[in-house]
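These notes concern the structure reproduced below.
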Amino acid sequence: MGVQIKDIVPIKEVDLDYLQGKITAIDAMNTLYQFLSIIRQRDGTPLKDSQGRVTSHLSGLFYRTSNLIERGIEPVFVFDGEPPELKSGTLETRREIRAEAEKSRKKALEEGKEKEARKYAQRAASLSEEMVGQSKTLLSAMGVPWIQAPGEGEAQAARMTQNEDAWSVGSQDFDSLLYGSPILTRNITITGKRKLPGKDKYKEIFPEIIELKKLMAEHEIDRRQIIAIGILVGTDYNEGIKGIGPKRALKLVKEKGNIKEISETETGEKFDVDPLEVERIFLEPNVKDDYEIEWEDPDTDKIKEFLCEEHDFSESRINTGIERLKKGASKRAQESLEKWA
DNA sequence: CCTGAGCA
DNA sequence: TGCTCAGGG
């Protein structure tokens with residue numbers, strides 16, 4: 001889920017071309033999970049190869065990434081390592097929710113309720129170690145860099161952006177802002193259209209830029225106070241206070257100044273874990289500075305062997321993707337040549 | 001999610 | 001050129 005602070009975050013819509021020439025450190029798990037959950041048939045069945053292995057994540061990853069590369073957007077994927085100990089409660093809860101959803105999915109399918117079945121299938125989706133490994137294999141064949149984070153991927157991506165090795169973090173969640181990323185990019189999609197709540201109409205989706213500086217300036221708060229707001233509404237590491245959303249959290253934080261003061265109030269006594277420990281996860285995350293970000297030419301044979309031969313993707317569709325990757329690679333080569341001129 | 005065909 | 005829609009694996 002991530003920390004829910006959308007209501008107090010200033011968001012700027014941009015065109016996908018705005019990201020051209022910019023390096024985006026993409027939260028890989030966030031993205032793959034999105035693909036796995038969304039790329040499905042009407043009854044909720046994911047795409048599968050002839051051996052019954054799920055391929056939805058590979059489809060999304062290949063087509064979207066080759067589009068980004070063609071447009072000169074430079075993605076580097078960042079994978080989760082070990083979660084902080086405090087996340088175990090959240091992870092357990094998610095497991096339970098998935099198990100329940102899987103039961104509901106089967107029931108709905110037996111009753112012939114396709115739409116219901118799909119909803120529960122999406123909720124039951126979970127990324128296996130194998131899927132993560134396959135995704136890394138595919139990215140390497142495509143010549144797209146990926147980084148193994150020691151801890152949370154969002155934390156590592158944020159550090160890379162702070163280090164100015166990336167321009168922004170790409171994720172749907174807001175957590176990277178708490179980890180100190182100067183810029184967050186949401187909705188990095190090619191053909192984004194989303195159902196309008198209620199109506200049968202579809203609205204086009206644009207990438208969104210969120211700047212940490214602007215977020216801080218707008219509310220006259222510092223980064224520790226943003227973390228405090230997160231802790232009040234709830235993070236992956238604590239439950240948050242019932243009845244407090246981002247607006248009330250902001251007000252409280254501005255009144256009390258910091259999480260320590262808040263923890264000593266009546267509200268603060270309701271925390272399920274020590275809020276200072278949660279704050280420490282965001283301020284001193286488990287990240288590394290020895291990483292390498294290099295794009296390479298796509299390896300056509302490896303891509304085809306992996307996607308077409310092993311997982312039954314259509315060769316003609318994969319060919320157009322490979323052409324896009326090549327186009328991006330030559331664009332990069334051209335630009336690095338111009339730097340010398 | 002993304003592709004590609006069909007149709008205005 | 002832009003839109004919808006079925007199907008992808």
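In what follows, chains carry the letters A, B, and so on, assigned in the order in which the sequence lines appear, proteins first and then strands, with residues in each chain numbered from 1.
Note: CD (A/E323) to C1' (B/dT3) measures 16 Å, nearest angstrom. Rounded to an integer number of Å, the gap from A/L36 CG to B/dC2 P is 15 Å. Atom pair A/F62:CZ and B/dT3:P shows a separation of 10 Å (rounding to whole Å applied). Atoms CD1 (A/I39) and P (C/dC5) sit 20 Å apart, rounded to a whole Å. The separation between A/D312 atom CG and C/dG9 atom P is 8 Å, rounded to whole Å. A straight line from CE of A/M131 to P of C/dG9 spans 17 Å, rounded to a whole angstrom. Between A/N187 atom CG and B/dC1 atom C1' there is a gap of 13 Å when expressed in whole angstrom units. Taking atom CZ of A/F313 as the reference point, atom C1' of B/dT3 lies 12 Å away to the nearest angstrom.
Remark: the A/S176 side chain and the A/S181 side chain contain no N/O donor-acceptor pair separated by less than 3.5 Å. Between the side chains of A/S171 and A/E154, at least one donor N or O lies within less than 3.5 Å of an accepting N or O.
In terms of polar N and O atoms assigned as donor or acceptor, the side chain of A/E310 never comes within less than 3.5 Å of the base of C/dG9 in a complementary pairing.
Contact check, A/N67 against B/dT3: a side-chain N or O comes under 4.0 Å of OP1 or OP2. Checking the phosphate oxygens (OP1, OP2) of C/dG8, no side-chain nitrogen or oxygen of A/T45 falls inside 4.0 Å. For the pair A/T191 and B/dC2, the criterion of a side-chain N or O lying under 4.0 Å from OP1 or OP2 is met. Taking 4.0 angstrom as the limit, A/R317 places none of its side-chain polar atoms (N or O) nearer than this to OP1 or OP2 of B/dT3. Put simply, A/R324 has a side-chain N or O that comes within less than 4.0 Å of OP1 or OP2 on B/dT3.
None of A/E110, A/E111, A/E116 except one satisfies the salt bridge (charged side-chain N to carboxylate O under 4.0 Å, His left out) rule with A/K113; the exception is A/E111.
Note on A/S50: nothing from the nucleic acid sits closer than 4.0 angstrom, heavy atoms only. Within 4.0 Å (heavy atoms only), A/I190 reaches sugar-phosphate atoms of the nucleic acid but no base atom. In this structure, A/Q34 reaches neither bases nor backbone, as no heavy-atom distance under 4.0 Å exists between it and the strands shown. Heavy atoms of A/T320 sit under 4.0 angstrom from primed sugar atoms or phosphate atoms, though from no base atom.
Both tests do not hold together for A/K6 against A/F174: distance to the six-membered ring centre under 6.0 Å, angle to the ring axis within 45°.
Ion pairing of A/D236 with A/R94 is present here, as a side-chain N (NZ or NE/NH1/NH2) and a carboxylate O approach within less than 4.0 Å.
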